[in-house]
Amino acid sequence: MPVDFSGTWNLVSNDNFEGYMVALGIDFATRKIAKVLKPQKVIKQDGDSFHIHTTSTFRDYLLEFKVGQEFEEDNKGLDNRKCKSLVTWENDKLVCVQTGEKKNRGWTHWLEGDDLHLELRCENQVCRQVFKRA
Ligand code: VLZ
């Protein structure tokens, strides 16, 4: 049985989101608001088809993709830079490479115990987020 990330997840820790946002070029005023947010993720997974909705009181971000199929990502409401994104399985980890203007951009999701982990990468910055089931 493959891993199933489906569910509603609440952010419980967020290490270096500030550094990640600086690397993405998010302005100071937006960072001030964004760094205190406690986003929720609603993940719907059907085999290799994913729907990841990140919601907050400030902005929402919806991502839909199939593992192994490259797609254009607009990052609307984040840094608004377009990139080519490809998500693949690395064992039980879901790994996204976001190819574009920013070097080393991407993220990794995995499950650890009852927790959902997310590592967000951009240039030399790594943000680590942990979510618990709502
Ligand atoms: O997550 O790429 O789950 O897209 C934060 C919204 C969303 C709050 C961060 C507004 C997206 C921030 C993280 C304004 C600057 C992300 C992927 C993996 C799915």
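Indexing begins at 1, ligand by ligand and atom by atom, following the structure's order.
Ligand 1 lies within reach of H109, whose nearest heavy atom is under 4.0 Å from it.
The single protein non-hydrogen atom nearest to atom 13 (C) of ligand 1 is L120 CD2, 3.8 Å, given as residue, atom name and distance. Ranking protein heavy atoms by distance to atom 14 (C) of ligand 1, first place goes to G77 O, 3.9 Å. Here the heavy atom of the protein found nearest to atom 10 (C) of ligand 1 is R59 CB, 3.9 Å. The protein heavy atom nearest to atom 11 (C) of ligand 1 is L78 CD1, 4.1 Å. The protein heavy atom nearest to atom 8 (C) of ligand 1 is L37 CD1, 3.8 Å. Given atom 12 (C) of ligand 1, the protein heavy atom at minimum distance is A34 CB, 3.9 Å.
Remark: ligand 1 atoms within the under-4.0 Å shell around heavy atoms of T54 are 7 (C). Residue L63 has at least one heavy-atom neighbour below 4.0 Å for each of these atoms of ligand 1: 4 (O), 19 (C). Near Y61, meaning under 4.0 Å from any of its heavy atoms, are these atoms of ligand 1: 4 (O). Residue contact check: I52 has heavy atoms under 4.0 Å from atoms 3 (O) of ligand 1.
Only the side chain of K41 comes within 4.0 Å of ligand 1, judged by heavy-atom distances.
In this structure, N91 places its CG atom where only 12 or fewer heavy-atom neighbours from other residues, nucleotides or ligands lie under 6.0 Å away.
Using modelled atom types and a 3.5 Å distance limit, the side chains of S13 and R128 yield no donor-acceptor pair. A donor atom on one side chain and an acceptor atom on the other are not found under 3.5 Å apart for N104 and E123.
Ring orientation note: the planes of W107 and H109 are nearly perpendicular, at an angle over 60° on the 30°/60° scale. Taking the six-membered ring where the residue is Trp, W89 and F5 present parallel rings, their angle staying beneath 30° rather than reaching 60°.
Using a 4.5 Å heavy-atom cutoff, the side chains of R121 and T108 are in contact. Looking at heavy atoms from C-beta onward, L94 lies out of side-chain contact with W110 at the 4.5 angstrom threshold. No side-chain heavy atom of Q98 sits under 4.5 Å from any side-chain heavy atom of L86.
Among K102, R105, R59, R31, the one residue that satisfies the salt bridge (charged side-chain N to carboxylate O under 4.0 Å, His left out) test with D79 is R105.
When only interatomic distances are considered, the shortest N/O to N/O separation between E73 and ligand 1 does not fall below 3.5 Å.
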